[in-house]
Enquirer: 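Let me give you the structure first, and then I'll get to my questions.
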Amino acid sequence: MDFVTEGNSHGVPHLREEPLAKKVRLGAEERLPASRDENKAVTRRQVQNTPLCLETGSTSAEERKRRKKRKVSGAKAETEEVGESPGNCSKARALEQENLNGAKGVEEKVERDKEEGEGAEEKEKSEVKTEQELDREIEVQKEGVGEARRKKVQGEEASEDGMRGKKANKGRKKGATSKPGCLGDSRKRKAKEEDGGARKKRKEEEECGKEDKWKWWEEEQHANGVKWQQLEHRGPYFAPAYERLPRGVSFYYNGKPMKLSPATEEIATFYAKMLDHDYTRKAIFKKNFFCDWTEQMTSEERKKIKQLDKCDFREIHEYFVERQEAQKALPKEEKQKLKKEAERIQEEYGYCTIDGHREKIGNFKTEPPGLFRGRGDHPKMGRVKKRIMPEDVIINCSKGSKIPKPPPGHKWKEVRCDNSVTWLASWTENINGAIKYIMLNPSSKLKGEKDWQKYEIARCLKGVVGKIRAQYRADWKSKEMKKRQRSVALYFIDKLALRAGNEKEEGETADTVGCCSLRVEHLRLHPRMDGKENVVEFDFLGKDCIRYYNLVPVEKQVFKNLQLFMENKGPGDDLFDRLSTSTLNKHLQDLMEGLTAKVFRTYNASITLQEQLDALTNEDDNVAAKLLSYNRANRAVAILCNHQRATPKTFEKSMQNLQAKINVKRDQLCDAKLELKKAKADCRTKRDVKSKAALEKKQKHVEKLEEQLEKLVLQATDKEENKQIALGTSKLNYLDPRISVAWCKRFCVPIEKIFNKTQREKFAWAIDMADEDFVF
DNA sequence: AACCTGACTTAGTATACCCCAC
DNA sequence: GTGGGGTATACTAAGTCAGGTT
């Protein structure tokens, strides 16, 4: 992994020379058991959670707590080294202000209204499509892109002014669907052949066509803080009531069957269902479960059930396994019936009306009761998550609207009308006391607008990041300890895309950290390592207990600072003892409006995608090769952000299958080439029309096979490189979709190859507004 | 400034579902 | 028609960050 900063004055983590998968692989080698199959009990997560093997060792929660207290009081007592004037970035701010205001601006409505009619017409036409029509459409789309490109060459103005770029895009759109071809025939053919999933697409489009799409991005935004004027919904859909176990299914204690009270039995089924899960092998899980379970028992039961290991849930477990299998084996009509019912529920509860538009809700069901599945070494795992009752639920809707009816015999905790928030209903969960919300789907206006804004802020950062970097580099030498720590932390956040790292309550959650909460034990300093100087070895558990392991050569001054920060500290002490996320974010806010630590992650992710796409895409490649380039660029971002996944259980097998396919194809190609040779000879001797036609046919066959083989090989490469990396998270949350849309348009790749249906819905705004010239 | 809480985004995993090869 | 594999979706935990209170 080359995290070396040479040739990159800002120490930006993007644009690396070496394959980007190395970091993860390095971590993985240490993390993963040699053979998962041999040792099924050892999951990735478990291995990740084993204490970090640092000389310093890990620190207990109590010790950390003690130290933290000391840190806080110590920091208060100690005066700053030198009282320098506070960081002044008003210039940067002033510069940025303009940009940001622009970003928030909204287009003139008149212009829009004029064009609305045409849009509607277009939509109507495209409602139901045949396969041929779809293929034709792709060609036309490509032709349009060519037209757009030609226009660009002629000097047409590109629209890239962020949230204001609508007008120009509209103009482009019209052109993009009408003008005749720019592509050569062979390329058109290629595109046609490669888009095999036309049937699937048609189905998707039919579904999409049903809903009339609301182009909220062409409308005015609400005044500051107001999220809606009108909101009406059906309230949450409650988890089904508990059903008693059938007679023949029993819980056993100490080998003897035992009838349990309904509440006790229900909780027992939660555990029984998880019997073949790793959780039930964890001591904390068992302890927490037993503790909460006994609390729910009747006094009679409590007297009898004293030890968990005398409890036998196996019969209950088997019952649920069988029931699930029976469910799967249900006759078609029964399955249809169930599906219909699910659809009905979705129809009734899954949508709301917001400002006159029907929008999909993200999660309209309350979370069912069960056992808490905290990740990593969560101290509360196994605790009983209580059933949510209407009496726990707060409903949020507009005043004049139809207030949802609670289930018969129940009432809501509260009905309120607060249009400064986006949630429709909420309740407080019993494990951590956190509030859970029912909110809209990502395709909704409320979510989409926020998403769009997020990328606009990240784009603003692009304009000032140079200054910010210059400043934090200068601050590395500050006489103020606070500033030094802040500047080094910011360097890490920028260069390594670390999360901010809020303080967490000790003992309440798994011990994970981010930048500001790094402890001395999470870093090791190597003045020299593998021929590189000033190498910092990071090894800590981040969000969701995903291990972050990285060897990073840093600049000399950073290295020196780290030595200074670590001086006279124990392994469990905070590295940045004078820094918190709130002071860091306050500082960032001064540098640029809207800037917070996480914006760096968004910015660096998106800029990395853009740069990698530019570097990796070859215009002459076929679609499969271009997709590999895209995935590689996406992968670079996923690695930067440390988005990992467990290697899919079926990985090895499916890899073998793919390899087998490749081998078959190779053989076929070999045969086809032989036949081609024969046909050539035949043609030379006979010299008639028939043999010439045969030759042509053979030639085409070989070409086709070659193409197919190449596609398979690319697929295999992609798969292998993607083994432990999760691309979805960055695609969904960090990459400005307009970069992908522009790339698709520029390189004639159908957007469906990059975004699936859900993603297209979420990014509808970007797909509609970005043209091929969009630059992040 | 610390602390707490609410609102919202980001995250990995479990499961449902669909399609293709047989 | 079926089973398996792969993708899409559902689910909910775990973060970030801001604003109010002490």
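Below, chain A is the first sequence line, B the second, and so on; all start at residue 1. As a basis for the values below, the full set of heavy atoms in this structure was taken, side chains included, without hydrogen atoms, waters or symmetry mates.
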Enquirer: Do you see a donor-acceptor pair shorter than 3.5 Å between the side chains of A/Y630 and A/S740?
Expert: yes
Enquirer: Please list, for nucleotides 5-7 of chain B, all pairs of protein and nucleotide N/O atoms separated by less than 3.5 Å.
Expert:
unit_1	atom_1	unit_2	atom_2	d
B/dA7	OP2	A/Y437	OH	2.9
B/dA7	O5'	A/Y437	OH	3.4

Enquirer: I would like to know whether A/E348 and A/R344 meet salt bridge (Lys or Arg N to Asp or Glu O under 4.0 Å); could you show each step before the answer?
Expert: CA-CA 6 Å; A/E348 185 175 348; A/R344 190 193 62 79; 2.8 Å; yes
Enquirer: For the residue pair A/W765 and A/F763, categorise the inter-ring angle as parallel (less than 30°), tilted (30 to 60°) or perpendicular (more than 60°).
Expert: perpendicular
Enquirer: Starting at atom CD of A/E429, determine the distance to atom C1' of B/dC8, rounded to an integer number of angstrom.
Expert: 16 Å
Enquirer: With a 4.0 Å cut-off on heavy atoms, is A/K385 in touch with a base, just the backbone sugar-phosphate, or nothing at all?
Expert: sugar-phosphate
Enquirer: Output the rounded distance in Å from CG (A/L371) to P (B/dA14).
Expert: 15 Å
Enquirer: Measure from NZ on A/K665 to P on B/dA21 and round the result to the nearest Å.
Expert: 10 Å
Enquirer: Looking at B/dT13, I'd like to know if its phosphate oxygens (OP1 or OP2) sit under 4.0 Å from a side-chain N or O belonging to A/H277.
Expert: no
Enquirer: Please work out which of the three classes, parallel, tilted or perpendicular, describes the rings of A/H378 and A/F372, given edges at 30° and 60°.
Expert: perpendicular
Enquirer: Does a side-chain N or O of A/N756 approach OP1 or OP2 of C/dA8 to a distance below 4.0 Å, or not?
Expert: yes
Enquirer: To the nearest Å, give me how far apart NZ (A/K365) and P (B/dT15) are.
Expert: 14 Å
Enquirer: Any side-chain N or O of A/K454 under 4.0 Å from OP1/OP2 of B/dT10?
Expert: yes
Enquirer: Rounded to the nearest Å, what distance is computed from the CG atom of residue A/L584 to the P atom of nucleotide B/dA1?
Expert: 15 Å
Enquirer: Heavy atoms, side chains only, cut-off 4.5 Å: are A/E359 and A/N441 in contact?
Expert: no
Enquirer: Given B/dG12, C/dT12, C/dA14, identify the nucleotide with an atom nearest to the side chain of A/H378.
Expert: C/dA14
Enquirer: In the structure I gave you, are the side-chain heavy atoms of A/N419 and A/L231 within less than 4.5 Å of one another anywhere?
Expert: no
Enquirer: Can we call the ring centroids of A/F492 and A/F538 under 6.0 Å apart?
Expert: yes
Enquirer: Does B/dA11 have OP1 or OP2 sitting under 4.0 Å from an N or O in the side chain of A/R601?
Expert: yes
Enquirer: So, does A/T729 get its side chain near the phosphate of B/dG12, meaning an N or O under 4.0 Å from OP1 or OP2?
Expert: yes
Enquirer: Counting only side-chain N and O atoms of A/Y734, is one of them less than 4.0 Å from OP1 or OP2 of B/dA11?
Expert: yes
Enquirer: With nearest nucleotides of DNA chain B determined for A/K339 and A/Y279 from heavy-atom distances, which residue corresponds to the more 5′ nucleotide?
Expert: A/Y279
Enquirer: Do A/H643 and A/Y734 have ring centres separated by under 6.0 Å?
Expert: yes
Enquirer: For A/L727 and B/dT10, give me the distance from atom CG to atom P, rounded to whole Å.
Expert: 17 Å
Enquirer: OP1 or OP2 of B/dT9 less than 4.0 angstrom from a side-chain nitrogen or oxygen of A/K447, does that happen here?
Expert: yes
Enquirer: Salt bridge check: are A/E343 and A/K340 linked by an N-O gap of less than 4.0 Å?
Expert: no
Enquirer: Over all strands shown, is A/P368 touching base, sugar-phosphate only, or nothing at heavy-atom distances under 4.0 angstrom?
Expert: sugar-phosphate
Enquirer: Rounded to whole angstroms, how far apart are CZ on A/R375 and C1' on C/dC11?
Expert: 9 Å
Enquirer: Which residue in the set A/L727, A/T729, A/L609, A/T608 passes side chain to side chain contact (heavy atoms under 4.5 Å, CB included) when paired with A/L735?
Expert: A/L609
Enquirer: Closer to the 5' end of DNA chain B via nearest nucleotide, is it A/T583 or A/T602?
Expert: A/T583
Enquirer: Indicate whether OP1 or OP2 belonging to C/dG3 is found under 4.0 Å from a side-chain N or O atom of A/K328.
Expert: no
Enquirer: Under 4.0 Å between a Lys/Arg side-chain N and an Asp/Glu carboxylate O for A/K482 and A/E480?
Expert: no
Enquirer: Would you list the protein and nucleotides 15-19 of chain C atom pairs, both N or O, that sit under 3.5 Å from each other?
Expert:
unit_1	atom_1	unit_2	atom_2	d
C/dG15	OP1	A/T512	OG1	2.8
C/dG15	OP1	A/D544	N	3.2
C/dG15	OP2	A/K504	NZ	2.9
C/dT16	OP1	A/A500	N	3.3
C/dT16	OP1	A/G501	N	2.6
C/dT16	OP2	A/N502	N	3.0
C/dT16	OP2	A/N502	ND2	3.1
C/dC17	OP1	A/T596	OG1	2.8
C/dC17	OP1	A/A597	N	3.2
C/dC17	OP1	A/K598	N	2.7
C/dC17	OP2	A/N585	ND2	3.1
C/dC17	O5'	A/N585	ND2	3.4

Enquirer: Rounded to the Å, how far apart are A/N441 CG and B/dT10 P?
Expert: 15 Å
